[in-house]
Amino acid sequence: MKGPLYKELMQQGIAMGSNDAWGGYSILSRHNNSLTETQKYIVAKANYLFNGDEFGISFVTPPKGKDALIVANKKAQEKADKVKKVIFIDGAHYQVLY
C-alpha cells in the first residue's frame, strides 16, 4: 500500500490541494523514522496552515530555539503556499480558509 505508486499519487494529491492527501502525508510523515523531528514538524505545520487540521501538529515537537522555530515555520508556510488555489465546483477538494 505504501509503495512507489502510492507515494507518487500522494505527492500529486498534495500538489493539487487534496485535503485527504495532506492528511495522509502528515500521518505517514509522523511515522517515518528517516525524517528528523524538525522535518515532521514542518509537514504537520504545513498541513495545519493548508487546511486547519490541528491533529498532526499535536503529535510533533516544535524545534527548540526561537531561530529554528522561525525557520521551520517559514518552510511550512512555503510548502503550504506551493499549492495552487483552485475552486472545485463539486466541493471535492477544498481549502478551509479561516
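Source: prediction; values computed, not measured.
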* Structure fact -> In short, Met10 meets Ala21 closest at the heavy-atom pair SD-O, 3.2 Å

* Structure fact -> The reported gap from OG in Ser26 to CZ in Phe55 (rounded to nearest 0.5 angstrom) is 8.5 Å

* To do: Heavy atoms only: give me the nearest Arg30-Gly56 pair and the separation to one decimal.
  => NH1-CA, 3.7 Å

* Residue pairs, two or more places apart or on separate chains, that pass side chain to side chain donor-acceptor pair (under 3.5 Å) and touch residues 63-78 -> Tyr41-Asn73, Gln77-Asp81

* Partner of Lys45 by side-chain contact (heavy atoms from CB on, under 4.5 Å), out of Leu49, Asn47, Val43 -> Leu49

* To do: Could you pull out the closest heavy-atom pair between Ala76 and Ala46, with the gap in Å?
  => O-CB, 3.5 Å

* Say you draw a straight line from OG1 of Thr38 to CG of Leu69; how long is it, rounded to the nearest 0.5 Å? -> 9.5 Å

* Asked: Do Lys79 and Trp22 come close enough that some side-chain heavy atom pair is under 4.5 Å?
  -> yes

* Asked: Taking atom NZ of Lys40 and atom CG of Leu28, what is their separation to the nearest 0.5 Å?
  -> 11.5 Å

* Asked: In Å and rounded to the nearest 0.5 Å, what is the OH to OG distance from Tyr25 to Ser18?
  -> 14.0 Å

